[in-house]
Amino acid sequence: MNQDILPRLTEILATRKHAAPDSSYVAKLFHKGEDAILKKIGEEATEVILASKEGDAQHLVYEVADLWFHSMVLLAHHGLSAADVLQELARREGVSGIVEKAARPKA
């Protein structure tokens, strides 16, 4: 059941992307646009940091779940999904972080 959660969430996000803003929290977030989504990700990232500093493992898991969820909303906003991130992680598997970072295009 847990292994199916990312595809199921991806499907839900796709249906809410063009839904009426008053139909759900996610539809409202999509309607507000990228800045609102990014603000929420910033808030959630801060909450992850605070939960980690508290040392409460369950609270940390809760906050990371919020961060992942809102990151998935951002991905959906850009027409991407968790599968794209998983593909990138698979590509990096077995590659030294130093080597991978050096191979990135310079911004």
Side-chain angles (χ1 to χ4, degrees):
M1 182 168 169
N2 287 344
Q3 65 271 21
D4 298 334
I5 191 65
L6 293 178
R8 286 197 320 268
L9 280 174
T10 298
E11 288 177 24
I12 291 168
L13 293 174
T15 65
R16 305 251 167 99
K17 190 172 181 181
H18 301 291
D22 60 349
S23 65
S24 76
Y25 165 76
V26 171
K28 185 182 294 184
L29 199 52
F30 279 130
H31 182 74
K32 289 181 178 179
E34 184 176 38
D35 286 347
I37 298 167
L38 292 172
K39 180 180 178 188
K40 193 64 185 168
I41 289 174
E43 291 170 6
E44 298 301 343
T46 298
E47 291 173 5
V48 166
I49 293 166
L50 295 174
S52 179
K53 296 298 279 180
E54 284 176 4
D56 180 341
Q58 188 55 45
H59 186 205
L60 178 58
V61 168
Y62 178 88
E63 296 300 347
V64 169
D66 280 352
L67 179 58
W68 284 14
F69 177 80
H70 288 91
S71 295
M72 288 182 69
V73 171
L74 180 64
L75 288 168
H77 174 77
H78 288 282
L80 301 167
S81 72
D84 296 300
V85 176
L86 294 173
Q87 183 177 353
E88 176 60 16
L89 288 172
R91 183 191 69 77
R92 294 180 187 187
E93 185 177 18
V95 177
S96 159
I98 294 169
V99 171
E100 192 281 328
K101 189 170 182 175
R104 291 181 192 172
K106 304 296 181 219

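To the nearest 0.5 Å, atom CD of residue Glu11 and atom CG of residue Leu9 are 9.5 Å apart. Taking CD of Glu47 as the reference point, atom CD1 of Ile49 lies at 10.5 Å (rounded to 0.5 Å). The distance from atom CG of Leu50 to atom CG of Leu60, rounded to the nearest 0.5 Å, is 11.0 Å. Separating the CG atom in Asn2 from the CZ atom in Arg8 is a distance of 8.0 Å, to the nearest 0.5 Å.
Across all non-hydrogen atoms, the minimal contact from Lys40 to Tyr25 is CE-OH, 3.3 Å. For Arg16 against Ser24, the heavy-atom pair with the smallest separation is CD-OG, 3.1 Å. Ala20 and Ala27 make their closest contact through O-CB, 3.3 Å (heavy atoms, listed as atom of the first residue, atom of the second, distance). Nearest heavy-atom pair across Leu67 and Ala45 is CD1-N, 3.9 Å. Shortest non-hydrogen contact noted between Pro21 and Lys28 is O-CB, 3.4 Å. Here the closest non-hydrogen pair linking Leu29 and His70 is CD2-CD2, 3.8 Å.
Pairs of residues two or more places apart, or lying in two chains, never qualify as salt bridge (Lys or Arg N to Asp or Glu O under 4.0 Å) while including a residue from residues 56-66.
Other residues, nucleotides and ligands contribute over 12 non-hydrogen atoms within 6.0 Å of the NE2 atom of His77.
Transitive grouping of hydrophobic side chains (ILVMFWY, heavy atoms separated by less than 4.5 Å) brings Leu38 and Phe69 into a common cluster.
Here the side chain of Ser52 pairs no donor or acceptor atom with the backbone of Val48 at under 3.5 angstrom.
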Name the atoms and distances for all side-chain donor-acceptor pairs under 3.5 Å in residues 78-87, with sequence neighbours left out.
{"from": "His78", "atom 1": "NE2", "to": "Glu34", "atom 2": "OE2", "distance (Å)": "2.8"}
{"from": "Ser81", "atom 1": "OG", "to": "Ala83", "atom 2": "N", "distance (Å)": "3.2"}
{"from": "Asp84", "atom 1": "OD2", "to": "Ser81", "atom 2": "N", "distance (Å)": "2.8"}

Given salt bridge (Lys or Arg N to Asp or Glu O under 4.0 Å), test Arg91 with Glu88 step by step and report yes or no.
-> CA-CA 5 Å; Arg91 183 191 69 77; Glu88 176 60 16; 2.6 Å; yes
